[in-house]
Amino acid sequence: MLTGIEEVDWASLGHAYGPADDVPELLRGLASADPAERETALDGMYGAVHHQGDVYDSTLACIPFLLELVADPAVQDRGCIVELLTSIGGIELDDDEELDELDPEDEEFIPAANYAMAAAAIAAGADVFLGLVSDPDPEVRLAAPCALASLHPEPARVLTLLRERLTVERDTEVRLALVAAVGRIALRHASLRTETVDWLGWLARAAQDPGLRLAALAQRARCAPGDIPDDIVPWVTGLLEEIRTSALGPVAPGTERAATPTLIGQVRELLEEHAAGRPAPWTEELLRTLHAALDDRVDDRIALILAQLRSPDWGQRSDAIWLCGGLIRIWRGRYEEVVRLVGAQLNDPEPRLREAATSFLERLFELGAPAADALAARLAVGTGTGSGTGTAQGSGSGLGGSPQNGFVGRSGRDGALLALARAGDTRAVPLLARALEEREVRRELLYAMDGLGPSAAMLAPLLRRRLAEVELDERLYDRAAPLLYALAAVRGSQAVPEVLRVLRGAPSNRRDWVRESALRTLAAFGPAAQKAVPDMRRLLAADSATVATTAARALWAAEGDLGEVLTALERWLRPGASGADWCSAAQALGEIGPAAASTAAALRPGLASRDLWVRVRSAAALWRVSGDAATALPVLLAAWEENRHARVDVAECLAEMGPAASEAQLVILTELTRRRRHNAREGASGSHDIHLDEKLLTVCRAALARMERGAF
C-alpha cells in the first residue's frame with residue numbers, strides 16, 4: 001500500500017502551513033486501523049493539504065495515493081476519502097478564470113493550473129469509483145455517486161450506471177445520493193438534460209418510496225426551475241406526510257464513535273446530534289434543494305414552510321425554521337403567520353426546536369412582533385421561583401432559566417429576551433432590568449434598548465451603576481461601549497458623571513473609540529450634559545476626526561451655540577482629508593441643519609469626490625444645511641444606483657426632502673415593488689440585514705407619501 005510514497009520529495013512541496021514533509025504520515029493515518037487516527041489524518045488533509053478548498057503541489061502529489069486507498073477494500077472510512085477526492089477534483093473554474101485566458105504571470109494562474117491538473121488527474125483514475133457504487137460499505141456507496149457525477153469523464157456511462165444501481169440499492173440515503181448525482185449530471189451536461197429531466201419526472205410519480213419521489217421532484221425542479229408545476233405545494237406536503245407516517249416507530253440508534261479533538265470530529269458530532277431521534281433527517285437537504293429551485297416563488301416557499309410548521313413531526317418543524325431563515329434573509333414577503341408559528345415552538349419540549357426558534361426570532365427585529373406574545377409568555381414562565389443564585393438552573397432573575405421551563409442555560413433565555421426587545425415590545429423592559437442585575441449581561445441586549453421608547457427610561461439607574469463599576473483598564477471599550485449606547489438610547493442623563501469618568505479615564509488602548517462612544521452618549525443627553533461642556537470644547541481640537549466631530553455635535557446639542565463648532569468641523573472639509581474624516585464632519589453638519597448654512601460652500605467639493613460615501617454624506621449635509629435639493633438630488637440618486645448599501649441613507653434624505661425629491665418617485669416605487677432584499681447576499685448574512693432592509697422599506701413608504709402629498 002502507498003507504493004512509492006517515500007520516493008516523493010515531500011519537503012520540497014508545500015501546503016497551507018509550509019513544507020509538506022508531514023503528508024506521508026497523514027496518508028498513512030488515513031489507512032490506520034484506529035478510527036481516531038483516521039479522523040485526525042483526515043482533519044489534517046482538509047486543514048493543510050486542501051486548506052479551505054485550495055489545491056497545492058502537495059495536493060496534486062497526494063492524488064495517486066488517495067486513489068490507491070479508495071481502491072483497497074481493507075481500508076476503512078473510504079467514503080471520507082472519496083469525498084476528499086471529490087472536493088479536490090471538483091473545483092470548476094469560472095468563465096473569467098479559464099486557464100487559456102490567464103497570463104502565466106498572473107497571480108491567479110498557479111491556483112487555476114493546480115485546480116485544472118487536479119481535475120485531470122482524478123478524472124484519469126475515476127474508473128475506480130465505478131465499482132464503489134456496489135461496495136459493501138454503505139458510506140462508500142453514499143459518497144461514490146457524487147464523485148462519479150463530478151469527476152468521471154464519461155457522463156452518459158455514469159448516468160446509465162446510476163439509474164441501473166437505483167433498481168437494486170436498498171439503503172435510503174444511498175438511493176437519495178444516486179438521484180442527486182443524476183441531477184448533478186443533468187446540470188453539468190446540457191446534452192443529457194432533457195432525457196434526465198423526463199426520467200426524474202417519471203420517478204417523482206412512479207417510485208413507491210415517498211422519499212425517493214421527493215428526491216426526484218427536488219432534482220427535477222433543480223434541473224428545470226422554469227417548469228416547476230403549479231401544484232408543487234400540495235404535492236410536496238403530501239409526500240412529507242407520507243414520509244412521516246411511514247417512518248413512525250422507534251428510531252434505530254446510530255453507530256457511536258469516540259470523539260476526536262479535531263474540526264472534522266466536531267462537525268461530525270454536530271451533524272449526528274442534529275439527526276438524533278429523527279426518522280427521516282434527510283428530508284431537510286431535499287427541501288433545501290427544492291427551495292433553491294423555487295427561488296423567487298416566495299409565496300409557494302412560505303406555503304411549504306407553513307405546512308411544515310404545522311406538522312406533528314418536530315423535526316419537520318425544525319427544518320422549516322432553518323429553511324425560513326434563508327428565505328426571509330433574501331426575500332421580502334408576508335411572514336406574519338410564519339413568525340407566529342415559529343413563536344409557538346418556544347413551548348415545545350424538544351430543546352433543539354426551541355433553540356432553532358429562538359435563533360430565528362433573534363434576527364427579525366420588528367418582523368418578530370407576531371411572536372411577541374409567545375416570547376413574553378415563555379420568558380414569564382418561572383418568574384419568582386428562582387433560588388437567587390443567578391445560575392442557569394433556577395436563575396434568580398426569574399427569566400425561566402431551568403430546562404423544565406423551556407430554556408437550557410442563559411443563552412436560550414437571553415435569546416428570547418433579545419428577540420422581544422428587538423421587536424420593540426415594552427414587556428421586555430422589566431426583564432431587561434432583571435438581566436442588568438446579573439453579573440454578566442449579553443452585549444446585544446444593551447444594543448437592543450433603542451427601540452423600546454420612553455418605558456426604557458427605568459433602566460437608566462441600573463445602566464448608570466454598571467457603568468460606574470467598569471474598570472478603566474485596557475478592556476474599557478469592550479465593557480463600556482454597549483453601556484454607553486444603552487444610556488444614550490434611554491436618555492439616562494443622570495449618568496453624566498459616570499460618562500465623564502469614562503471619557504476622562506480612557507486608556508491608550510482604543511482611546512479614541514472610547515471617547516467617541518462617550519461623546520455620542522453626551523450628545524444624546526442634549527442640554528442635560530452641561531457639566532461636560534469643558535471636556536467637549538477641549539476635544540474639538542482632537543487629532544481624531546471622529547472624536548473632534550462627535551465633540552462638536554455634543555457641544556451643539558448641549559449649548560445650541562455654534563461658536564467654535566463650525567470652525568472645528570470645517571477643518572476636516574479640506575483638500576487631502578481622508579474620506580472617513582470628511583464623512584464624519586459632513587454628518588455632524590447635517591445634524592446641525594440650517595444653523596450651519598454657512599458651511600454649504602465647504603461641503604460642495606465633496607459632491608465630486610471619487611469616494612461614494614463622501615458624495616452621499618456631502619449631498620445629504622448640503623440639503624440639510626441649505627435646502628439645495630436641485631444640487632443634492634442627482635448625487636443621491638446616482639449613489640442609489642451605484643451602491644445598494646447606500647440606499648437607507650439616501651432614502652432618509654429623500655423622505656426629508658418630500659416634494660423637492662419628486663424626481664425620485666420612480667426610484668422609490670421600483671424599490672418598493674422588488675421582492676429581493678436590497679442587501680441580500682448569497683451565502684452570507686449579518687445580524688441586522690433584515691432590519692436594515694425593513695427600515696429601507698419603511699423610509700421609502702414615508703418618502704413616497706410625502707412626495708405624493710406635495711403633488712396635490
Side-chain angles (χ1 to χ4, degrees), residues 296-299 301-302 324 327-340 361 363-372 419 421-426 448 450-454 489 587 590-591 593 613 616-617 619-624 627 629-630 632-681 685-712:
D296 62 351
R297 289 175 57 168
V298 177
D299 294 340
R301 295 176 69 179
I302 289 175
C324 190
L327 174 63
I328 198 170
R329 176 175 59 81
I330 301 292
W331 299 101
R332 299 164 178 168
R334 299 296 301 271
Y335 295 105
E336 294 86 352
E337 183 65 5
V338 169
V339 174
R340 187 187 68 78
L361 294 171
R363 292 177 171 241
L364 296 190
F365 288 80
E366 57 268 54
L367 291 188
R422 283 177 167 175
D425 195 293
T426 56
D450 54 359
L452 294 170
Q587 279 188 283
E591 289 187 22
W613 286 105
V616 170
R617 303 297 186 213
L622 181 64
W623 153 253
R624 287 165 178 149
L633 186 58
V635 176
L636 294 172
L637 292 180
W640 178 286
E641 297 299 333
E642 183 178 339
N643 188 331
R644 58 203 169 107
H645 297 291
R647 290 182 184 176
V648 173
D649 298 84
V650 172
E652 287 178 330
C653 198
L654 296 178
E656 294 172 19
M657 289 180 175
S662 58
E663 292 179 26
Q665 271 190 308
L666 181 58
V667 167
I668 296 295
L669 282 168
T670 301
E671 184 62 52
L672 289 172
T673 56
R674 284 195 178 102
R675 298 299 299 272
R676 189 179 177 91
R677 296 198 183 278
H678 83 284
N679 53 358
R681 296 167 290 168
S685 66
S687 61
H688 287 55
D689 284 357
I690 296 170
H691 171 60
L692 287 173
D693 184 70
E694 291 296 323
K695 180 179 179 180
L696 174 63
L697 294 176
T698 299
V699 176
C700 282
R701 294 186 191 106
L704 188 62
R706 289 205 63 202
M707 293 173 192
E708 290 175 343
R709 282 199 299 268
F712 296 99

Taking every non-hydrogen atom, the tightest pair across Leu636 and Cys653: CD1-SG, 3.8 Å
Note: Asp693-Arg674 ion pair, threshold 4.0 Å (strictly below): no
Spatial distance of atom CG (Leu692) from atom CZ (Arg677) [nearest 0.5 Å]: 10.5 Å
Salt-bridge criterion met for Glu694 and Arg332 (N-O under 4.0 Å): no
Arg706 side chain vs Glu656 backbone, donor-acceptor pair below 3.5 Å: yes
Within 6.0 angstrom of Glu652 CD, more than 12 heavy atoms from elsewhere: yes
Ser687 to Phe365 - nearest heavy-atom pair and separation: O-CE1, 3.5 Å
Sub-4.5 Å side-chain heavy-atom contact between Asp299 and Arg675: yes
Criterion side-chain contact (heavy atoms from CB on, under 4.5 Å) on Arg681 and Asp689, from CA distance to verdict: CA-CA 9 Å; Arg681 296 167 290 168; Asp689 284 357; 2.9 Å; yes
Heavy-atom side-chain contact between Pro370 and Glu337 under 4.5 Å: no
Minimum heavy-atom distance between Pro634 and Ala629, given as atom pair plus value: CD-O, 4.2 Å
Arg422 vs His688, side-chain contact (heavy atoms from CB on, under 4.5 Å): CA-CA, chis, key distance, verdict: CA-CA 10 Å; Arg422 283 177 167 175; His688 287 55; 3.8 Å; yes
Heavy-atom closest contact (Asp425 atom, Leu452 atom, distance): O-CD2, 3.4 Å
Derivation of the side-chain contact (heavy atoms from CB on, under 4.5 Å) call for Leu672 and Leu697: CA-CA 6 Å; Leu672 289 172; Leu697 294 176; 4.0 Å; yes
From CG (Leu633) to CE (Met657), nearest 0.5 Å: 5.5 Å
Gap separating the CG atom of Leu367 from the CG atom of Leu361, nearest 0.5 angstrom: 11.0 Å
From NE2 (His678) to CD (Glu671), nearest 0.5 Å: 7.0 Å
Arg617 with Asp649: basic N within carboxylate O range, under 4.0 Å: yes
Heavy-atom side-chain contact between Gln665 and Glu708 under 4.5 Å: yes
Gap separating the CZ atom of Arg329 from the CD1 atom of Ile690, nearest 0.5 angstrom: 8.5 Å
Chi angles and distances behind the side-chain contact (heavy atoms from CB on, under 4.5 Å) call for Asn679, Arg647: CA-CA 9 Å; Asn679 53 358; Arg647 290 182 184 176; over 6 Å; no
Student check: side-chain heavy atoms of Val298 and Tyr335 closer than 4.5 Å: yes
Nearest-0.5 Å distance that lies between atom CZ in Arg301 and atom CG in Leu327: 4.5 Å
Non-hydrogen atoms of Cys700 and Trp640 that approach each other most closely: SG-CH2, 3.9 Å
Heavy-atom pair with the smallest gap, counting every atom of Ile302 and Arg334: CD1-O, 3.5 Å
